[in-house]
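From a predicted model like this one, the values you see are computed outputs, not experimental measurements. Counting begins at 1 with the first residue of the sequence.
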Amino acid sequence: NAVRELPDGNILLSMRNISTVVRINRQTGEIDWKLGAPPLAGQHAPTPLPNGNYLILDNGPFRVDQGDPPFPFSRVVEVDPATNKIIWKFQDPFAESFFSGGRGNAQRLPNGNTLINEAASGRFFEVTPDGDVVWEYVNPYFGPATAPPKAQNNNAFRVYRYSADEIAAAQRTT
């Protein structure tokens, strides 16, 4: 569900259906890093961070390590690829309050907070490093307009915050 070229030229590849993220060495074509299930379950949009870690929206539809039967819940994890340890996570205290079985993303912001897209419900929210929700927004727009009302949804595949400088730079290139 995601392919990203890393600053060093290597490739970060997310394969949701097998709950695995890999890094492919561009020079050799070999996989030089891998994280799968558990802890991941149907993840989306791994993103490299300046500290070398990866931020991943772990959708969690089919958890194999969380009880019997496994209870689906979503979370955002920051993983250290040197150890495969989760060094930070956001998970709602009421697990059922944050779940998107597919789609979505997370973005670490310059202030250290994390922007999260709970895609299936059209909910976007920002959390502090301590997991406090700073603000949230639910997309009020449903569609497609050509579908019957019960078949419409407000989900959003990805959400990003752009700074004023990034917007100005984009406007200069158009």
Side-chain angles (χ1 to χ4, degrees), residues 1-5 11-22 35-49 54-79 89-111 113-128 131-164 166-174:
N1 64 38
V3 178
R4 177 185 297 261
E5 183 176 8
I11 303 296
L12 190 62
L13 174 67
S14 175
M15 299 171 282
R16 178 187 187 279
N17 290 344
I18 61 171
S19 298
T20 302
V21 177
V22 297
L35 183 66
L40 299 180
Q43 78 291 331
H44 262 82
T47 305
L49 298 174
Y54 299 124
L55 190 66
I56 304 169
L57 177 68
D58 184 28
N59 292 91
F62 308 107
R63 297 204 176 275
V64 296
D65 62 340
Q66 301 290 322
D68 188 22
F71 181 82
F73 61 88
S74 296
R75 62 187 179 172
V76 175
V77 294
E78 180 181 339
V79 177
K89 74 176 178 179
F90 171 80
Q91 180 178 328
D92 199 283
F94 302 100
E96 63 276 4
S97 294
F98 174 34
F99 179 66
S100 183
R103 299 175 306 275
N105 68 303
Q107 177 188 17
R108 184 64 45 81
L109 302 173
N111 66 1
N113 290 351
T114 303
L115 175 63
I116 301 171
N117 172 19
E118 185 179 359
S121 62
R123 177 179 173 230
F124 323 135
F125 59 105
E126 181 179 333
V127 299
T128 66
D132 296 320
V133 176
V134 176
W135 62 265
E136 69 179 308
Y137 175 81
V138 177
N139 179 11
Y141 301 100
F142 285 73
T146 56
K150 290 184 180 181
Q152 296 180 4
N153 65 67
N154 68 337
N155 57 33
F157 186 70
R158 300 255 168 92
V159 172
Y160 296 101
R161 178 178 291 168
Y162 295 97
S163 70
E166 290 169 316
I167 293 169
Q171 289 172 331
R172 284 191 298 272
T173 61
T174 57

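Remark: side-chain polar atoms of Arg63 are paired, donor with acceptor, to backbone N or O of Phe73 under 3.5 angstrom. A donor-acceptor pair under 3.5 Å is absent between the side-chain atoms of Asn105 and the main chain of Leu57, judged by distance alone. Judged by distance alone, the side chain of Asn117 and the main-chain N or O of Ala156 form a donor-acceptor pair under 3.5 Å. The backbone N or O of Gly42 lies less than 3.5 Å from a partner atom in the side chain of Ser19, making a donor-acceptor pair. Side-chain atoms of Asp132 never come within 3.5 Å of backbone atoms of Val127 as a donor-acceptor pair (strictly under, hydrogens ignored).
With rounding to the nearest 0.5 Å, the separation of CZ in Phe90 from CD1 in Ile116 is 5.0 Å. Atom OG1 of Thr47 sits about 11.0 Å away from atom OH of Tyr54, to the nearest 0.5 Å. Annotation: the span from Leu13 atom CG to Glu5 atom CD amounts to 13.5 Å, rounded to 0.5 Å. Interatomic distance, CZ of Arg123 versus OG of Ser97, reported as 7.5 Å (0.5 Å rounding). With values rounded to the nearest 0.5 angstrom, Glu126 atom CD is found 15.5 Å from Tyr137 atom OH. Atoms CG and CD, on Leu49 and Glu78 in that order, are 5.0 Å from each other to the nearest 0.5 Å.
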How far apart are the C-alpha atoms of Gln43 and Ser14, what are their side-chain angles, what is the distance that settles it, and do they pass the side chain to side chain donor-acceptor pair (under 3.5 Å) test?
CA-CA 7 Å; Gln43 78 291 331; Ser14 175; 2.9 Å; yes
Is there a side chain to side chain contact (heavy atoms under 4.5 Å, CB included) between Leu115 and Trp135 once you walk through the steps?
CA-CA 10 Å; Leu115 175 63; Trp135 62 265; 3.9 Å; yes
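Within 6.0 Å of OH on Tyr160 lie more than 12 heavy atoms contributed by other residues, nucleotides or ligands.
At least one side-chain heavy atom of Arg75 sits under 4.5 Å from a side-chain heavy atom of Pro39. Between Met15 and Asn17, every side-chain heavy-atom pair lies at or beyond the 4.5 Å cut-off.
Shown here for Ala45 and Gly104, the closest heavy-atom pair between the two residues is CB-O, 3.8 Å. Here the closest heavy-atom approach between residue Arg158 and residue Ala2 is recorded as NH2-CB, 4.0 Å. When all heavy atoms are compared, the tightest approach of Asn139 to Asn154 is O-ND2, 2.8 Å. A pairwise comparison of heavy atoms in Leu35 and Leu40 identifies O-CD1, 3.6 Å as the closest pair. When all heavy atoms of Asn59 and Arg103 are compared, the closest pair comes out as ND2-O, 2.8 Å. Minimum heavy-atom separation, Ala41 to Asp58: N-OD1, 2.7 Å.
Scanning for side-chain contact (heavy atoms from CB on, under 4.5 Å) contacts around Phe99 gives Pro61, Pro72, Ser74, with sequence neighbours left out.
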